[in-house]
Amino acid sequence: QVQLIESGGGLVQAGGSLRLSCAASGRTFSTYAMGWFRQAPGKEREFVAAISWRGSITRYADSVKGRFTISRDNAKNTMYLQMNSLKPEDTAVYYCNADQIFRAPRAGDYWGQGTQVTVSS
């Protein structure tokens, strides 16, 4: 089992950048495929990005391609989401997700508590 804690959210103006982090507990982080999902008020949770166990494969939602970059550092048990050129429609709670199978855009069983990202126009 893995426990996930997100950080790095906040308030930013449109066009700005943020970097989210997801710290994982346990010594098996490198065996999990990882992903980011988000949920805006009144909307369903949606897939944002995912990365395979060693980081060799990444996948993105069309809405964030070219603006967001997912990465991971297995030595630090941490995953990142670099978000550039942010738009007001990126405003949401962002969740870290872990899965024992790489099957993005589907989610795995393990979730963090979420971190709020708010983009002002």
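- Here E46 pairs with R38 under the salt bridge (charged side-chain N to carboxylate O under 4.0 Å, His left out) rule; sequence neighbours left out.
- Within the structure, disulfide bond (SG atoms under 2.5 Å apart) pairs that include any residue of residues 58-121 comprise C22-C96 (at least two apart or interchain).
- Contact annotation: the side chain of W36 never approaches that of M83 to less than 4.5 Å [non-hydrogen atoms, C-beta and beyond].
- Annotation: side-chain hydrogen bond (donor to acceptor under 3.5 Å, both in side chains) contacts of Q100 (sequence neighbours excluded): none.
- When all heavy atoms are compared, the tightest approach of L18 to V12 is CD1-CG1, 4.1 Å.
- With sequence neighbours excluded, the residues that form a ring pair (Phe, Tyr, Trp, His ring centres under 6.0 Å) with Y32 are Y110.
- Qualifying side-chain hydrogen bond (donor to acceptor under 3.5 Å, both in side chains) partners for Q82, counting only residues two or more places apart in sequence or in other chains: N84.
- Separating the NZ atom in K87 from the OG atom in S121 is a distance of 14.0 Å, to the nearest 0.5 Å.
- Of the inter-residue distances, the one linking S7 atom OG with R19 atom CZ reads 9.0 Å to the nearest 0.5 angstrom.
- Under the side-chain hydrogen bond (donor to acceptor under 3.5 Å, both in side chains) criterion, K43 pairs with no residue at all, not counting sequence neighbours.
- When all heavy atoms of A50 and A104 are compared, the closest pair comes out as CB-CB, 3.4 Å.
- For R67, the side-chain hydrogen bond (donor to acceptor under 3.5 Å, both in side chains) partners are D90, not counting sequence neighbours.
- Sorted by first then second residue, the disulfide bond (SG atoms under 2.5 Å apart) pairs that include residues 29-58, not counting sequence neighbours, number zero.
- Tracing side-chain contacts under 4.5 Å through hydrophobic residues (I, L, V, M, F, W, Y), one never reaches V117 starting from W111; they form parts of separate clusters.
- To the nearest 0.5 Å, atom CG of residue N77 and atom OG of residue S30 are 8.0 Å apart.
- Rounded to the nearest 0.5 Å, atoms CZ (F29) and CE (M34) are 4.5 Å apart.
- Distance check, rounded to the nearest 0.5 Å: CG of L20 to CZ of F68 gives 8.0 Å.
- Every pair tested for ring-ring contact (aromatic ring centres under 6.0 Å, His included) that includes a residue from residues 75-100 fails, sequence neighbours excluded, so the list is empty.
- Although no hydrogens or angles enter the test, the distance criterion places a donor-acceptor pair under 3.5 Å between the side chain of N97 and the main chain of G108.
- Counting only heavy atoms from C-beta outward, the side chains of Q116 and T91 approach each other to under 4.5 Å.
- No more than 12 heavy atoms of other residues, nucleotides or ligands lie within 6.0 Å of CD1 in I5, so this atom counts as exposed by the packing criterion.
- Listed by first and then second residue, the ring-ring contact (aromatic ring centres under 6.0 Å, His included) pairs involving residues 39-64 are F37-F47 (not counting sequence neighbours).
- Screening residues 100-121 for salt bridge (charged side-chain N to carboxylate O under 4.0 Å, His left out) gives D99-R103 as the qualifying pairs, with residues at least two apart or on separate chains.
- Applying the side-chain contact (heavy atoms from CB on, under 4.5 Å) rule to I57 yields the partners S52, F102; only residues at least two apart in sequence or on another chain are considered.
- Closest approach of V2 and A98 over heavy atoms only: CG1-CB, 3.8 Å.
- Atoms CG and CD, on L81 and E6 in that order, are 11.0 Å from each other to the nearest 0.5 Å.
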